[in-house]
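As structure tokens, the structure follows; a few thoughts come after it.
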Amino acid sequence: MSEPVPGVRLLHDAPLKSRNTFGVQARAAVLAEVADTAALATVLALPEFAGRAPLVLGGGSNLLFAGDPDAPVLALTGQGVRVLADDGDRVVVRADAGVTWHGFVMHTLAQGWCGLENLALIPGTVGAAPIQNIGAYGVEVREFVHTVEACEPATGTIHRLDAAACAFAYRDSVFKHQPDRFIVTAVEFALSRTPALKLDYAGIADEVAAMGITQPTAQNVADAVIAIRRRKLPDPAVLGNAGSFFKNPIVAQAQADALLAQHPDMPVFRGNDAATRKLSAAWFIDRCGWKGHRDGDAGVAPTHALVLVNHGGASGRQLLDLAHRIADSVHERFGVAIEPEPRVIGASW
């Protein structure tokens with residue numbers, strides 16, 4: 001067993017049920033909680049980690065344990081937040097990977113820094129945000145990422161990647177494509193004191209109006225987003241889930257047009273470019289009759305077809321099997337492939 005490392009808590013045969021928002025059972029042979037990233041190189045050189053790419057665990061809100069991880073697990077727990085630059089309007093603020101995402105969003109708004117308000121109440125940590133390029137209500141985090149700091153375990157090198165180097169795309173990034181190459185240690189965001197509010201998505205304007213507000217602030221928009229999310233999405237502390245389980249599929253415009261001719265009520269959005277269209281996975285799943293479905297303790301939320309839920313005792317494998325059945329039914333009926341948004345551990349999709 002390794003010697004103690006300052007700033008590091010090393011656990012063996014660590015239970016992971018409380019560390020994933022699905023609340024499924026899993027165990028890690030070894031788990032290191034690292035509060036100070038200066039100790040990261042030392043941890044990666046420990047016998048339990050040496051030569052092995054670790055599974056980096058944030059808030060556990062974007063993964064499904066379909067089995068125990070076969071890699072050592074690393075959790076960065078640093079909570080530092082500081083301003084790097086401020087010209088009176090534009091602010092560059094740095095947050096450690098372990099900072100809770102929603103708490104960070106609320107902190108920025110309290111300081112009068114605008115931009116992240118549409119991303120309020122997304123579970124997880126700051127370090128996970130660029131990996132998934134988290135997005136909601138017409139906004140993606142890549143719009144505000146200034147720099148991502150990441151450690152390359154193979155060499156111990158610390159990289160600073162600007163937004164272009166992160167290769168962001170819809171729910172995608174270089175960190176997701178090369179999950180074993182980088183460990184995100186901190187993210188720097190470029191925010192503004194001048195609001196550029198986005199209200200034209202999924203009922204935000206109506207929610208703000210219902211609040212009796214005619215000249216909304218960024219905080220008002222965040223409050224509206226929080227209210228909508230709480231109505232639509234189950235609280236993981238009450239009903240295990242990882243938020244939206246399936247990504248919205250992006251297809252060629254011709255396929256979207258053909259589907260729209262058959263289903264005029266099908267939602268269609270612009271895709272990655274003018275030649276593609278993004279379709280609603282929730283609409284497909286709902287049309288296939290899955291909303292509110294339950295097999296034992298594995299099910300689909302009655303309020304949102306995209307959300308798989310654990311009613312208490314479902315295993316990750318049972319949830320994965322249900323996800324496969326849902327995807328197969330969508331493909332059979334509509335000819336559209338849908339894929340999971342969370343990372344699946346212990347099995348392949």
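Remark: side-chain polar atoms of Gln79 are paired, donor with acceptor, to backbone N or O of Thr77 under 3.5 angstrom. The main-chain N or O of Ala254 is never found under 3.5 Å from a side-chain atom of Asp257 such that the two would form a donor-acceptor pair. The closest donor-acceptor contact from the side chain of Asn133 to the backbone of Phe168 lies at 3.5 Å or more, if one exists at all. Although no hydrogens or angles enter the test, the distance criterion places no donor-acceptor pair under 3.5 Å between the side chain of Asp295 and the main chain of Leu322. A distance-only check finds a donor-acceptor pair linking the side chain of Asn248 to the backbone of Ala281 [under 3.5 Å]. Looking only at distances, a side-chain donor or acceptor of His304 sits under 3.5 Å from a matching main-chain atom of Leu306. Without hydrogens or angle criteria, Arg277 side chain to Ala274 main chain gives a donor-acceptor distance under 3.5 Å. Without hydrogens or angle criteria, Arg94 side chain to Thr147 main chain gives no donor-acceptor distance under 3.5 Å. Distance alone, capped at 3.5 Å, is enough to place a donor-acceptor pair between the Thr21 side chain and the Asn241 backbone. In this structure, Asp96 contributes its side chain and Gly80 its backbone to a donor-acceptor pair below 3.5 Å.
Partners of Arg317 according to the side chain to side chain contact (heavy atoms under 4.5 Å, CB included) rule, which considers only residues two or more places apart in sequence or in another chain, are Ser315, Leu320, Asp321, Ala347. In terms of the side chain to side chain contact (heavy atoms under 4.5 Å, CB included) criterion, residue partners of Asn62 (sequence neighbours excluded) are, by chain and number, Gln132, Glu341, Pro342. For Arg333, the salt bridge (Lys or Arg N to Asp or Glu O under 4.0 Å) test picks out no residue, with sequence neighbours left out.
Note that the CG atom of Leu109 and the SG atom of Cys114 stand 7.0 Å from one another [nearest 0.5 Å]. A distance of 8.5 Å separates CG in Asp87 from CZ in Arg193, rounded to the nearest 0.5 Å. Of the inter-residue distances, the one linking Thr185 atom OG1 with Glu149 atom CD reads 3.5 Å to the nearest 0.5 angstrom. Rounded to the nearest 0.5 Å, atoms CG (Leu279) and CD1 (Ile338) are 11.0 Å apart. In this structure, CG in Asp223 is found 7.0 Å from CD1 in Ile213, a value given to the nearest 0.5 Å. In this structure, the separation between NE2 on His293 and SG on Cys288 is 12.5 Å, given to the nearest 0.5 Å.
With a 4.5 Å cut-off on side-chain heavy atoms, Thr37 and Cys151 do not count as touching. Two residues are said to be in side-chain contact when any heavy atoms from C-beta on lie closer than 4.5 Å; Ile228 and Tyr137 meet this criterion. Looking only at side-chain heavy atoms (C-beta outward), Tyr201 and Asn118 stay at 4.5 Å or farther from each other. Using a 4.5 Å heavy-atom cutoff, the side chains of Gln111 and Leu191 are not in contact. Looking at Pro69 and Leu16, their side chains come closer than 4.5 Å, going by heavy atoms from C-beta outward. Two residues are said to be in side-chain contact when any heavy atoms from C-beta on lie closer than 4.5 Å; Leu259 and Val268 fail this criterion. Side-chain contact between His263 and Asp265 is present, with at least one heavy-atom pair separated by less than 4.5 Å. Side-chain contact between Glu48 and Pro72 is absent, with no heavy-atom pair separated by less than 4.5 Å.
Ring geometry for Phe284 versus Phe334: interplanar angle of 30 to 60°, hence tilted. Ring geometry for Trp101 versus Phe104: interplanar angle of 30 to 60°, hence tilted.
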Take Thr303 and Arg231 through the side-chain contact (heavy atoms from CB on, under 4.5 Å) test and state the conclusion after the steps. CA-CA 8 Å; Thr303 55; Arg231 281 200 304 270; over 6 Å; no

Please walk me through it: do Leu10 and Leu46 pass side-chain contact (heavy atoms from CB on, under 4.5 Å)? CA-CA 10 Å; Leu10 200 62; Leu46 293 174; 4.2 Å; yes

Which is it for Ile183 and Leu76 under the side-chain contact (heavy atoms from CB on, under 4.5 Å) test, yes or no, and what are the steps along the way? CA-CA 9 Å; Ile183 297 173; Leu76 301 182; 3.9 Å; yes

Are Phe189 and Val126 close enough, and set up right, to give a side-chain contact (heavy atoms from CB on, under 4.5 Å), and what steps lead you there? CA-CA 10 Å; Phe189 300 89; Val126 166; 4.0 Å; yes

Determine, stepwise, if the pair Glu339 / Arg171 fulfils salt bridge (Lys or Arg N to Asp or Glu O under 4.0 Å). CA-CA 11 Å; Glu339 298 179 344; Arg171 300 298 182 271; over 6 Å; no

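Salt-bridge annotation for Asp286 and Lys291: present, with a side-chain N of the basic residue lying under 4.0 Å from a carboxylate O of the acidic one. A salt bridge links Lys198 to Glu143: at least one charged side-chain nitrogen sits closer than 4.0 Å to a carboxylate oxygen. Salt-bridge formation is not detected for the pair Lys247/Asp172: no Lys NZ or Arg NE/NH1/NH2 atom is positioned less than 4.0 Å from an Asp or Glu carboxylate oxygen. Ionic pairing of Arg270 and Asp273 is not present here: no N-O contact between side-chain nitrogen and carboxylate oxygen is shorter than 4.0 angstrom.
Across all their heavy atoms, Ala120 and Arg229 have their closest contact at O-CD, 3.3 Å. Nearest heavy atom pair, residue Asn220 against residue Gln215, reads OD1-O, 4.3 Å. Residues Pro216 and Leu199 share a closest heavy-atom pair of CG-CD1, 4.0 Å. A pairwise comparison of heavy atoms in Val24 and Phe65 identifies CG2-O, 3.7 Å as the closest pair. Nearest heavy atoms, Gln255 versus Val336: NE2-CG2, 3.8 Å. The minimum heavy-atom distance linking Asp297 with Gly313 is given by the pair OD2-N, 2.6 Å.
Leu31 and Leu64 end up in the same hydrophobic cluster when Ile, Leu, Val, Met, Phe, Trp and Tyr side chains are linked at under 4.5 Å. Val225 and Trp113 fall into different hydrophobic clusters, where Ile, Leu, Val, Met, Phe, Trp and Tyr side chains are chained together by heavy-atom contacts under 4.5 Å. No single ILVMFWY cluster, assembled from side-chain heavy atoms under 4.5 Å apart, contains both Ile204 and Val105. Linking Ile, Leu, Val, Met, Phe, Trp and Tyr whenever their side-chain heavy atoms come within less than 4.5 Å leaves Val56 and Ile345 in two separate clusters. Under the 4.5 Å side-chain heavy-atom criterion for ILVMFWY residues, no single connected hydrophobic cluster contains both Phe175 and Tyr170.
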